[in-house]
Amino acid sequence: MTSQLKVVPLVAPGHTRPVTHLSFSSLQDDGTYLLVSSCKDGNPMLREWTGDWIGTFLGHKGAVWSTKLSPDTSRAVSGSADFTAKVWDTYSGEALYSFPHNHIVRTVAISPSLSHIVTGGQEKKVRIFNLGRPDADPEFLCDVGATAHNGTVKSVVWIGDHTVATAGEDGKLKWWDTRNGKQFASLTWPDPVTSMEYSAPTNRLVATSGKSVAFIPAMPNTAQTHSLTLSYHPSSASLHPILQDRFVTGSVNDEWVRMHGINGEERDILKGHHGPVHCVEFSPDGEIYASGSEDGTIRLWQTTPGKAYGLWQGAASSS
């Protein structure tokens with residue numbers, strides 16, 4: 001009988017309310033990366049790849065639903081229930097810009113060149129702000145009228161410098177050309193999209209809707225979409241960035257993190273959270289994945305338990 005090493009997560013405390021979103025940076029030249037977390041306490045937090053706290057971005061007056069880092073980690077962008085999106089200097093923690101909206105901002109992203117940000121939320125609109133002209137009115141990505149979706153915009157991501165993908169509670173995933181503001185492709189699900197993230201290493205979008213999880217080519221029609229139906233409603237999913245043979249999910253219906261093989265078979269159930277799991281994401285090197293919960297904690301889990309990595313000393317030194 002083979003004894004499987006128990007997965008012992010590192011717990012990253014600090015937030016006082018439910019964790020709404022997690023986002024890792026790209027892998028940096030020195031092999032490290034950062035993690036940024038969003039929380040209903042209104043204070044996004046920046047952490048080292050080890051999980052150690054670096055700092056907290058102070059300035060929002062409401063729940064923060066989304067925070068993402070620029071590819072070089074010098075900037076962060078956040079979206080909040082205080083009707084603003086803010087751009088931050090990650091070294092000083094200072095808010096560089098604050099962009100007003102007319103309702104809750106649910107999702108944000110910064111372009112790879114750091115020149116623009118994109119926002120979406122309860123207004124059903126998608127705005128693009130030019131950081132070179134921060135006082136200028138934003139541009140809107142819209143089909144008919146002023147809205148981009150027929151429901152809350154749940155996620156926006158930047159793919160290269162001229163493409164934005166958006167997903168909404170209307171069950172639609174849309175691709176837009178930012179040079180002309182026009183939609184050029186879309187996908188539809190029968191249920192609202194609950195999450196959608198861009199996995200740059202695999203060049204795929206990972207989306208959840210109803211009981212389904214889909215791995216979609218980042219640019220439409222460049223490869224096959226791989227879709228699975230699970231036995232539960234995933235809140236969030238993340239694909240292993242290197243191996244691409246497994247994905248991790250959270251669910252709001254229980255307190256567990258699940259690891260699945262790429263064809264949907266359940267490989268592991270990870271228990272530790274004391275509330276529904278709202279968000280999961282693999283680190284850019286695939287060595288760990290993070291989960292954020294209603295319980296206010298972030299847990300970091302090893303992909304290969306027992307391996308010496310970061311603050312984990314490896315199986316040999318553990319009792």
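Everything numeric in this text was worked out from a predicted model, so none of it was measured.
For Ala165, the side chain to side chain contact (heavy atoms under 4.5 Å, CB included) partners two or more places apart in sequence, or in a different chain, are Val157, Ile159, Leu173, Trp175, Met196, Leu205. Phe129 pairs by the ring pair (Phe, Tyr, Trp, His ring centres under 6.0 Å) definition with Phe99, His101, not counting sequence neighbours. Remark: Tyr232 engages His260 in a ring pair (Phe, Tyr, Trp, His ring centres under 6.0 Å) (not counting sequence neighbours). Residues meeting the ring pair (Phe, Tyr, Trp, His ring centres under 6.0 Å) test with Phe83, sequence neighbours left out: His103. Looking at residues two or more places apart in sequence or on another chain, you find a side chain to side chain contact (heavy atoms under 4.5 Å, CB included) between Ile262 and Phe215, His226, Leu239, Phe247. Scanning for side chain to side chain contact (heavy atoms under 4.5 Å, CB included) contacts around Ser78 gives Pro44, His60, Val64, Thr67, Lys86, Trp88, with sequence neighbours left out. Partners of Trp158 by ring pair (Phe, Tyr, Trp, His ring centres under 6.0 Å), not counting sequence neighbours: none found.
If you check the side chains of His240 and Thr303, you find no donor sitting under 3.5 Å from an acceptor.
Side-chain contact between Ser235 and Thr194 is absent, with no heavy-atom pair separated by less than 4.5 Å. Within the 4.5 Å cutoff, the side chain of Pro217 has heavy atoms near those of the Arg204 side chain.
Applying the side-chain hydrogen bond (donor to acceptor under 3.5 Å, both in side chains) test to pairs two or more places apart or on separate chains, those with a residue in residues 136-145 are Asp143-Lys174. Sorted by first and then second residue, the salt bridge (charged side-chain N to carboxylate O under 4.0 Å, His left out) pairs involving residues 274-300 (not counting sequence neighbours) are Glu287-Lys307, Asp295-Arg299. Each salt bridge (charged side-chain N to carboxylate O under 4.0 Å, His left out) pair with one or both residues in residues 120-129, not counting sequence neighbours, appears once here: Glu123-Arg127. Note on residues 44-56: pairs passing side-chain hydrogen bond (donor to acceptor under 3.5 Å, both in side chains), not counting sequence neighbours, are Thr50-Asp52, Trp53-Thr56. Among residues at least two apart or in separate chains, salt bridge (charged side-chain N to carboxylate O under 4.0 Å, His left out) pairs with a member in residues 179-195 are Asp177-Arg179.
Across Ser195 and Ala237, no two heavy atoms sit closer than the pair OG-N, 4.0 Å.
Heavy atoms from other residues, nucleotides or ligands lying under 6.0 Å from CG of Asp30 number more than 12.
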